[in-house]
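Data first, discussion second: the structure below is written as structure tokens.
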Amino acid sequence: MNASGVHCTNLDELDALLNEGVGAVVTKSCTLEYRVGNPEPRYATIPYGSINSMGLPNNGIKYYIDFIEKNQAETDKLIMLSVAGLSKTENLELLAIANQSAAIKIIELNLSCPNIPGKPQTGYDFDATESLLNEAFAICKKPIAVKLPPYFDMAHFEAMAEVLNKFPLAYVCCVNSIGNGMWIDTATESTVIKPKNGFGGIGGLFIKPTALANVRMFYKLLNNIDVVGCGGVQTGQDAFEHILCGASMVQIGTTLWEEGKTCFERISNELAEIMNVKGYNSINDFKGKLNEI
Ligand code: RRO
């Protein structure tokens with residue numbers, strides 16, 4: 001599936017994804033109202049990946065609910081609504097609105113947008129995450145998943161997993177971009193994106209080791225919650241590695257942005273070829289079965 005934020009902000013992009021070889025589609029993280037986002041340039045291609053500070057540009061929740069109401073009944077692909085309120089109150093309002101629509105089957109709650117000036121990521125505040133999820137599950141009776149930021153410390157993996165294990169989450173997606181990195185153009189002696197003085201979320205091959213570690217750790221620490229892998233998937237081999245770490249599904253962000261929607265078929269074919277060579281018939285034959293030497 002696509003990673004939220006890439007190829008899923010407007011109807012043309014969403015319709016195109018539905019017609020492509022994707023397993024599922026997730027919409028751009030939305031707020032209650034339309035947001036123009038941060039000033040451009042706000043995405044840059046860099047060696048081994050990307051840097052972005054889009055600033056949550058989106059068309060408002062109603063736009064995405066309309067898309068799901070129009071399309072979910074006609075497609076066998078699951079369409080997930082991604083929500084990213086700028087406050088707990090906004091998140092709860094978004095979930096309450098989503099709860100009203102019969103067409104919505106699952107919601108991905110984004111706890112990890114790194115690019116809003118002055119707004120820390122909820123996923124780095126364990127108490128705030130627990131409090132939000134407590135109220136979210138009280139308000140919203142639909143399956144809820146979370147998109148997490150990357151963690152870098154064993155104590156943080158354990159603290160977050162302890163919180164997440166208290167809730168019947170549909171899945172946990174690891175990882176959003178690595179927040180607040182920087183890339184510099186030496187020729188111009190300049191940052192490459194404009195918002196936040198050049199600080200932005202890092203994605204792409206750069207972050208595969210961090211993504212794999214997060215998938216692996218949450219796969220081991222979570223009880224009966226699926227892990228979805230995201231980060232650095234350029235090839236079928238990368239997808240294979242995510243699944244080996246424990247991912248049940250894989251999201252593609254930077255590669256989709258750079259290559260376009262044909263990446264799904266290419267990566268699926270490459271993954272199928274690896275499975276064929278290894279004699280695997282289903283991802284359950286190797287999911288989570290990483291050899292730890
Ligand atoms: O829109 C963004 O700036 C953005 C979001 Br909401 C997110 O979750 N992750 C990201 O890298 N960019």
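For ligands, and for the atoms within them, numbers begin at 1 and follow the listed sequence. Just so we're clear, the structure is a prediction, and the values are computed from it rather than from any experiment. These values consider heavy atoms only, across backbone and side chains, with no hydrogens, waters or symmetry-generated copies.
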Taking atom 9 (N) of ligand 1 as the reference point, the nearest protein heavy atom with its distance =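 Nearest protein contact, heavy atoms only, for atom 9 (N) of ligand 1 is N176 OD1, 2.8 Å.
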Run the numbers for me: atoms of ligand 1, each under 4.0 Å from some heavy atom of [X], listed by number.
X	value
N52	2 (C), 3 (O), 4 (C), 10 (C), 11 (O), 12 (N)
M54	1 (O), 2 (C), 3 (O)
L56	1 (O), 2 (C), 3 (O), 6 (Br)
P57	1 (O)
N110	6 (Br), 7 (C), 8 (O)

Are K220 and E158 within salt-bridge range, i.e. N to O under 4.0 Å?
->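 No salt bridge links K220 with E158.
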Ion pair check, D66 and K62, cut-off under 4.0 Å |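 A salt bridge is present here (some side-chain N lies under 4.0 Å from a carboxylate O).
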Run the ring-ring contact (aromatic ring centres under 6.0 Å, His included) check on F240 and F286 step by step: do they pass?
-> CA-CA 9 Å; F240 183 83; F286 61 99; 4.5 Å; yes
Nitrogen or oxygen of K28 less than 3.5 angstrom from that of ligand 1 |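 Right, the criterion is met.
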Test side-chain hydrogen bond (donor to acceptor under 3.5 Å, both in side chains) applied to N59 and N10, step by step | CA-CA 8 Å; N59 290 300; N10 59 51; over 6 Å; no
Quick one: pull up NZ in K287 and CD1 in I243 and give me the separation to the nearest 0.5 Å.
->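 If we round to the nearest 0.5 Å, K287:NZ and I243:CD1 are 9.0 Å apart.
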Among C113, G201, P114, which residue places a heavy atom closest to atom 6 (Br) of ligand 1?
->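 Selected option, by shortest heavy-atom distance: C113.
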Assess G5 for proximity to ligand 1: is some non-hydrogen atom of it under 4.0 Å away?
->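 Judged by the 4.0 Å heavy-atom criterion, G5 does not count as contacting ligand 1.
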Run the numbers on K194 and E40 for salt bridge (charged side-chain N to carboxylate O under 4.0 Å, His left out), then give the verdict.
-> CA-CA 6 Å; K194 185 175 175 66; E40 296 186 348; over 6 Å; no
